[in-house]
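Heads up: numbering here begins at 1 and tracks the sequence.
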Amino acid sequence: MASPQRDRHEAEHGGPPGAEGPGPYASRGEAGRMLAGALAGLPQLTHADGTLGALSALTRAGRGGGSPLVVGLSRGGVAVAAEVARALGLAFDVVPARKLGIPGHEEVAFGAIASCDGERRAEVDSPLVRRLLASGFTEELLGGVRERESAELERQEHLYLAGRAQRAGGRTVIVCDDGAATGDTARAAIAAVRAAGASSVVVALPVAPPGVVRDIGRLADGIVCPREPIAFRSVGAAYLTFPQCTDEEVLSLLAERGGALGRSAGP
C-alpha cells in the first residue's frame, strides 16, 4: 500500500521518488508529450490566497485572467515547450537562458541567467563560487564568463524575439526545459518570469535529480518531473538521441506561434 508521502510526491511531481521511467526518451518531442500528460493530470495548485484550483481551470482562464503561456528555455527547452503547448492547446514562446559554466569545466555551472519581457535575472551558486575562488579561480575569470554569457543572452533575445515581448504579465507561465542537472537555469528563469509579472509559475522538466526537483518546487507554484533518477548521470543520458539544438531549429518552432502547432516537435 502506497504511503501518504509517496502519494503526495506523485501528485506534485508526476512520478515517485527515484522514478527512472520505462526507458530513455526518444527525443525532446517525446519528452514534451509525456510532460503534457503529467501537466494535464496535475490535480491541484495552491493559489496565493490559499485556495486551490485544478490545472485544467488554469489552462482555461489563467490565474490573472489571461490564457496560460508555455515557455521553453533556449535552446533545448523550446522543442519541449512546443510539444507541451501543442498537446495542451496553449500559446508558447521562448525564454532566453544561459548557463554560467566553470572555466575549463563548462559542463558544470556555477549559475545561470535568463530573461523574460526585458527582465533579466541571474541565479548564482554562492557557496560554489566561494569554493572556486578559494581554489584559485579569480573574480576576473568568473566575471568574464558572466560577460560572455550575457552577450550571448542578448544575441538570443534579438534573434529569437526580435523586439517581441513574451507577455507573461498576469498569466500562469509553464516553464519547460529538456532537463535539469543543477536547477540553476530553471531558478533563473523562474525569477525572470516572476519579475515579468506572471501570476503563477509551473515548471515542467522531463528529468532531474530528486533534490533539484525539491529545490525548484520550493520556488515554483507547481512542478512536474516524470523521471527523478537517484543515480542521476546527466540530462543527455535520459535520451536515446540528444543533439545540440540550433538557432535554426528554435526559429522554426517559434515561427509556428500564434496558432495550433501544425507539426510535432520531434518523433
Set of residues satisfying side chain to side chain contact (heavy atoms under 4.5 Å, CB included) with respect to [X], sequence neighbours excluded:
{"X": "Ala208", "value": "Ala180, Leu205, Val212, Val213, Cys225"}
{"X": "Ala195", "value": "Glu119, Arg121"}
{"X": "Ala97", "value": "Leu73, Ala114, Thr185"}
{"X": "Ala165", "value": "Asp117, Arg167"}

Practice item. Grab the two heavy atoms, one from Cys176 and one from Val80, that are nearest each other, plus how far apart they are. Key: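 In this case the closest contact between Cys176 and Val80 is CB-CG1, 4.1 Å.
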Review point. Can you name the nearest heavy-atom pair linking Gly183 to Ile216, along with the distance?
Key: CA-CD1, 4.0 Å
Check your understanding: When you look at CD of Glu107, are more than 12 heavy atoms from neighbouring residues, nucleotides or ligands closer to it than 6.0 Å?
Key ->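 Yes, enclosed.
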Check your understanding: Does Ala26 offer a backbone N or O that forms a donor-acceptor pair with the side chain of Thr241 under 3.5 Å?
Key ->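 Indeed, once roles are kept as given, a pair shorter than 3.5 Å links the two residues.
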Check your understanding: So how far is it from Ile223 CD1 to Leu39 CG, rounded to the nearest 0.5 Å?
Key ->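 Here the rounded value is 10.5 Å.
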Exercise for review: Enter the distance from Ile174:CD1 to Leu69:CG here, rounded to the nearest 0.5 Å.
Suggested key: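 Those atoms lie 8.5 Å apart.
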Practice item. Kindly indicate, with the supporting measurements, whether the criterion side chain to side chain contact (heavy atoms under 4.5 Å, CB included) is fulfilled by Val203 and Val224. Key: CA-CA 6 Å; Val203 175; Val224 295; over 6 Å; no
Point to revise | Any pair counted as ring pair (Phe, Tyr, Trp, His ring centres under 6.0 Å), so long as it reaches residues 216-249, sequence neighbours left out | key: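 Found Tyr25-Tyr239, Tyr239-Phe242.
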**Study point:** Pairwise ring pair (Phe, Tyr, Trp, His ring centres under 6.0 Å) hits with a residue in residues 168-201, at least two apart
**Key:**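 For residues 168-201, and leaving out neighbouring residues, there are no ring pair (Phe, Tyr, Trp, His ring centres under 6.0 Å) pairs at all.
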**Study point:** Qualifying salt bridge (charged side-chain N to carboxylate O under 4.0 Å, His left out) pairs, either residue in residues 175-198, two or more places apart
**Key:**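 Only Arg28-Asp178, Glu123-Arg187, Asp184-Arg187, Arg194-Asp221 qualify under salt bridge (charged side-chain N to carboxylate O under 4.0 Å, His left out).
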Point to revise | Sequence neighbours excluded - salt bridge (charged side-chain N to carboxylate O under 4.0 Å, His left out) pairs with any residue from residues 229-239 | key: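 Sorted pair list comes back empty.
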Point to revise | Residues in side chain to side chain donor-acceptor pair (under 3.5 Å) contact with Arg218, at least two apart in sequence or another chain | key: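 Asp215.
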Check your understanding: Are any non-hydrogen side-chain atoms of Tyr160 and Asp93 less than 4.5 angstrom apart?
Key ->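 Side-chain contact under 4.5 Å: no.
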List, one per line, each side-chain donor-acceptor pair under 3.5 Å for residues 132-142, sequence neighbours excluded.
{"residue": "Ser135", "atom": "OG", "partner": "Arg131", "partner atom": "O", "Å": "3.2"}
{"residue": "Ser135", "atom": "OG", "partner": "Leu132", "partner atom": "O", "Å": "2.9"}
{"residue": "Thr138", "atom": "OG1", "partner": "Leu141", "partner atom": "N", "Å": "3.0"}

Exercise for review: Please list all pairs passing the side chain to side chain donor-acceptor pair (under 3.5 Å) test where one or both residues lie in residues 147-159, with sequence neighbours left out.
Suggested key: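 Listed once each, the pairs are Ser74-Gln156, Arg98-Glu149, Ser115-Glu157, Arg120-Glu157, Glu152-Arg155, Glu152-Gln156, Arg155-Asp247.
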Exercise for review: State plainly whether the residues Arg86 and Glu83 are in salt-bridge range, i.e. N to O under 4.0 Å.
Suggested key: yes
